Amino acid sequence: MAFVSVDQLSKTFDKTAVIKDLSFQLEKGKCVSLLGQNGAGKTTTLRMLSGLMKPTKGTISIDGASPSSDIRSFIGYLPQHPVFHNWMTGKEFLVYVGRLAHLSKKEATTRAESLLKQVGIEDAKNRRIGKYSGGMKQRLGIAQAMIHKPKLIMLDEPVSSLDPVGRREVLTLLEELKQETTVLFSTHILSDAEEVSDELLLLHDGHIVESGTMDDLQSQHDSTRIDLSFSKEAHAFEVPISQIDSVENVQREGNQLHIYAKNIENARTEILKLASEQDWPMTKFEVSRTSLEDLFMKVVNQ
Amino acid sequence: MQWITIFQKELLENARNFKWIWVPLVFILLSVMDPLTTYYMPVLLDNFGNLPEGAQINIPTPPPPEVFWMSFSQLNVLGILVVLLMSMGLISAERKSGVSEMVLVKPVSYTSYVTAKFVSTLLLTLISAFIGLLASWYYVNLLFGEIPFSYYIGSVSFYSVWLMFIVSISIILNTAFRTPGLVGFLSIAALLLASAINSVFKTRIEWLPPQINAYIKGYLSTGSITDDLWITAFLTIGVTVILLVASVFILRKKELAA
């Protein structure tokens, strides 16, 4: 049985369907990214999973718990724009939410201290949250989601509002988190999803259009080709390459050749053999795969 | 315990906002204003009244219970306004800003959340009322004549029931709406409506919550706690409990994020 299973989930706001028959499953210990454009329904999906919103129809089951039970004790959630009690200090807030999650005062304090260290805002722990920068708030937000060691942690756009440095730090943090727990995070930044997640869920217009690991997705939408660049006109090399069995098509573009093949491994071996035997003036050899961006655009434009 | 955690957080928040200082101060000010101005009125008129030379003013000195009651009336207008303004964002502001998205996604019981906020606000209100009216009682004794201390305790205790009802009105509107200004406005409207209903129906139903004020006034002048006062007090407590239960119910039904 899957750790999280979402079945036929729908959400309608004022007759506008935002989520339409969404179904997916998450496995334990995986880091999954929910990818989609603005308005695709990422936040709504996460809010329903965290219990902040009630689905119009469909069911959500987490770790086999019945849909009606209180799932809040084993999930952690970071909203897209975390807002805190600005009059509290970072440490006070963590202890507060820790105690709300039924930790004892002592446990909550120890946990708060270690999380403050882990997310890198230990120096600011006794400062009022009102004085925190955006990046610090985001990190405090991640810490509060982790305070009670949830089995599932959901982060809504954890890096979108951060500058490049902050983004890098939070991504590193995500890498650490996924060692400890199951992570589901939403993003519209493709490279972030590609970098940290094991699996992707591509959400478009309220339903999942594609899902699977990066490799799965690429092999499904395979358009693998080999790009070659030469230091001189590529005309002379076109013929020998097109004679390789597994090569289907060769296109020439000045000094470059784009080779489409049935069997990419075989084609690669053959081309490299020819290149070394005949001493070709090659400047670049690249097996280019569909980038997530190509895939995303392709899926979205369907 | 979770309830204590939320309660402590509310107390700390009120302390950091200096509510523990200014609310009691406002209540003291409102309570002593009428006894003092009533006592010094002839002097004030003499000095600043611009009366023609030789004018005779004869203001009969009101009896002490009546003067003490003036403080309650003052609190019933401005004191209650302070309480409503102070509590209008109690839950609605947390929901509006989005803090509740993070707090209520923890396994928090809605009953604890609502009642802890109710009790912390009530505590601040009651302490302010007790201190303010104590100051008023002191001046009335000093300037107008004796009122037994037990009358002070009795009247303020029954008045607390009325304040409790007011805070619960604010709480239920807090759970129903997420704009603090609207909550404040509707609370005032609800109280005015309650008073209006009471004025219309008080001959037929004698124990509606706003009517408790009339009975407290009666108690101050006679010193006897009437059955009407007891019944009204218990009914008011009952209505308060119903309002709180309804608040928890409404909050549970509401979607916390929007």
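All heavy atoms count here, side chains included; hydrogens, waters and symmetry mates do not. Only a predicted model underlies this, so the values are computations on that prediction, with no experimental measurement involved.
Environment of NE2 in A/H81: sparse, with no more than 12 heavy atoms of neighbouring residues, nucleotides or ligands closer than 6.0 Å. Taking a 6.0 Å sphere around OH of B/Y138, one finds it holds 12 or fewer heavy atoms contributed by other residues, nucleotides or ligands. The environment of B/Y151 atom OH is dense: over 12 non-hydrogen atoms of other residues, nucleotides or ligands sit within 6.0 angstrom. Few gaps surround CZ on A/F13; more than 12 heavy atoms of other groups in view lie less than 6.0 Å from it. Dense packing is recorded around CZ of B/F165, with more than 12 heavy atoms of other residues, nucleotides or ligands lying under 6.0 Å away. Counting non-hydrogen atoms of other residues, nucleotides and ligands closer than 6.0 Å to CZ of B/F185 gives a total of 12 or fewer. Around atom NZ of A/K105, no more than 12 heavy atoms belonging to other residues, nucleotides or ligands sit under 6.0 Å away.
Atom CD1 in B/I6 sits 11.0 Å away from atom CZ in A/R99 (nearest 0.5 Å). From A/L52, atom CG reaches atom NZ of B/K254 across 15.0 Å, with rounding to the nearest 0.5 Å. Between atom OH of residue B/Y113 and atom CG of residue A/L100 there is a gap of 10.0 Å, rounded to the nearest 0.5 Å. Note that the NE2 atom of A/H85 and the CD atom of B/E94 stand 4.0 Å from one another [nearest 0.5 Å].
Under the 4.5 Å side-chain criterion, counting only non-hydrogen atoms from C-beta, A/Y96 is in contact with B/T5.
The two residues A/H102 and B/P107 have their closest heavy-atom pair at NE2-O, 3.4 Å. B/M102 and A/V83 get closest at one heavy-atom pair: CE-O, 3.0 Å.
Contacts of B/L12 with chain A are made by both backbone and side-chain atoms, with heavy-atom separations under 4.5 Å.
Interface with chain A: from residues 13-31 of chain B, residues B/E13, B/R16 qualify, criterion being any non-hydrogen pair under 4.5 Å. Of all residues spanning residues 126-160 of chain A, those with a heavy atom less than 4.5 Å away from chain B's heavy atoms are A/R128, A/Q144, A/A145, A/I147, A/H148, arranged by number. Residues of residues 107-125 of chain A lying within less than 4.5 angstrom of chain B, judged on heavy atoms, are absent. Identified by a heavy-atom distance below 4.5 Å to chain B, contributing residues of residues 171-184 of chain A are lacking entirely.
At least one donor-acceptor pair under 3.5 Å links the side chain of A/R72 to the backbone N or O of B/L104.
In this structure, A/R47 pairs ionically with B/E101, as a charged nitrogen and a carboxylate oxygen lie closer than 4.0 Å.
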